[in-house]
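For reference, the structure is listed below as structure tokens.
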2 protein chains.
Amino acid sequence: MTATPRPVGHHHGDLRNALEEAALELVAERGANGFSLSEASRRAGVTKAAPYRHYADREDLLASLVLRCYRMQEQRFGAAMESASDPADALAAFARAYVQFAADESALFQLTFGGSIRKQDHPDVQEAGDRLLHTLTEKPRALGLEDERSLDLVRNVAASSHGFAVFHLEGVIPDLSSALDAAEVAARHLASDVS
Amino acid sequence: MTATPRPVGHHHGDLRNALEEAALELVAERGANGFSLSEASRRAGVTKAAPYRHYADREDLLASLVLRCYRMQEQRFGAAMESASDPADALAAFARAYVQFAADESALFQLTFGGSIRKQDHPDVQEAGDRLLHTLTEKPRALGLEDERSLDLVRNVAASSHGFAVFHLEGVIPDLSSALDAAEVAARHLASDVS
DNA sequence: GTCTATAGCTGGATAGAC
DNA sequence: GTCTATCCAGCTATAGAC
């Protein structure tokens, strides 16, 4: 969104990236469904045959973006929790980072969770999602939580935060600060749970 | 889903309904994007010109389904909270009903929140969503909460529950009972909030 | 690794008969 | 209120030249 995809003429070193950026533009403009290989190729400055050198088909490009989403989340959420010194703070930071990510990367987020791709058909995507969850449990675990408890909490905080993120994007909670705060409050409550 | 849409030949009394049922079938089979007027018409046993007697265009049919979703939610969530005798119980019941609804009516739910329609373009949809939220605040209000507090709580519980609903549908929390329980726990925590 | 060209299909929407 | 017929646009995907 910030990186201008240069008005290219012929060949760039990185068509994959140009196509994926164009795809995100399309999703941002037209909604989760508004993506087409043809239009993305047009915007990347290549013909619509070119993508097939890099992707098996249309879905494959989308799947690549979903993977990118998981990778970015792993990085951002990990960074957000890094400096926390107890599980509650870690989960609070995670919740805020979750909502913030959805706001910052709304196209990617919508694409990942808008049902645009059938994740069952892409084992690597499915697996990346699982791995993300497990990676994120490491921090709270390192801060003293049991394995299973940490996994449960991370999953529940993620779920709850997801709802606040969606409600923010949908305009039900228009104010980002409110959404961030609400997600954090919910996360801290879940973290204090003793059941 | 339970009502077989009869193998019709010509004219039914209720093409609108037949088309909308077919649309939900399509969403269930192919994902939130898998809907097309052509295919829905085919399944309803009419030509693809017929829908235009009932809908301005493709989006109009989808919008009608989103309205149906809001109407059903209003009814189901209202019923769920009915017998509650204090705000916490009401919100707990609301949370469970929210997740249960998503599970029962997953096609309708995905369609409503999967970005299939641009709600901005349909003022009636936007308004129905707002009204739903306000209607739902009545019960907790009747049980003693202040107006603003009730609205905030209902919105936050809805958001949190939404996340659990989505995570259940996405397979992150595969077990429905777990999702229901987790949503309820989160709701009760939010309800006990004093900030 | 990208281009041109093309095949083949599906979908949205309209006009006019019944 | 549905049908037939038709138009046009857009998309996915492949073949073969450069």
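Numbers restart at 1 for each chain; the letters A, B, ... are given by sequence-line order, proteins then strands. Fair warning: this is a prediction, and the values are worked out from it, not measured in the lab.
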Could I get the full list of salt bridge (charged side-chain N to carboxylate O under 4.0 Å, His left out) partners for A:Glu146, not counting sequence neighbours? none
Would you jot down, in residue-number order, the residues of residues 110-119 of chain A having a non-hydrogen atom under 4.0 Å from DNA chain D? none
May I have the distance from A:Arg16 (atom CZ) to C:dT2 (atom P), rounded to whole angstrom? 12 Å
Distance-only side-chain donor-acceptor flag, A:Asp130 / A:Gln126, under 3.5 Å: no
Ionic contact status for A:Arg131 with A:Glu127, cut-off 4.0 Å: no
Each nucleotide of nucleotides 4-18 of chain C classed B (base within 4.0 Å of a protein heavy atom), S (only sugar-phosphate) or -, in 5' to 3' order, makes B-B----SBBB----
Going by the rule ring-ring contact (aromatic ring centres under 6.0 Å, His included), which residues pair with B:Phe109 if we only count those two or more places apart in sequence or in a different chain? B:Phe113, B:His162
In whole angstrom, give the distance that lies between atom CG of A:Leu61 and atom C1' of D:dT12. 13 Å
Taking only residues at least two apart or on different chains, which pairs with a member in residues 46-56 of chain B satisfy side chain to side chain donor-acceptor pair (under 3.5 Å)? B:Glu20-B:Tyr55
In whole angstrom, what separates B:Leu15's CG from D:dT2's C1'? 9 Å
In whole Å, I'd like the distance from the CG atom of B:Asn33 to the P atom of D:dC11. 15 Å
Between atom CG in A:Leu19 and atom P in D:dT12, what is the gap in whole Å? 12 Å
So does B:His189 get a backbone contact from the side chain of B:Ser192, meaning a donor-acceptor N/O pair under 3.5 Å? yes
The side-chain hydrogen bond (donor to acceptor under 3.5 Å, both in side chains) partners of B:Asp86 (sequence neighbours excluded) come to none
Would you compute the distance between atom NZ of A:Lys139 and atom CG of A:Asp89 and round it to the nearest 0.5 angstrom? 10.5 Å
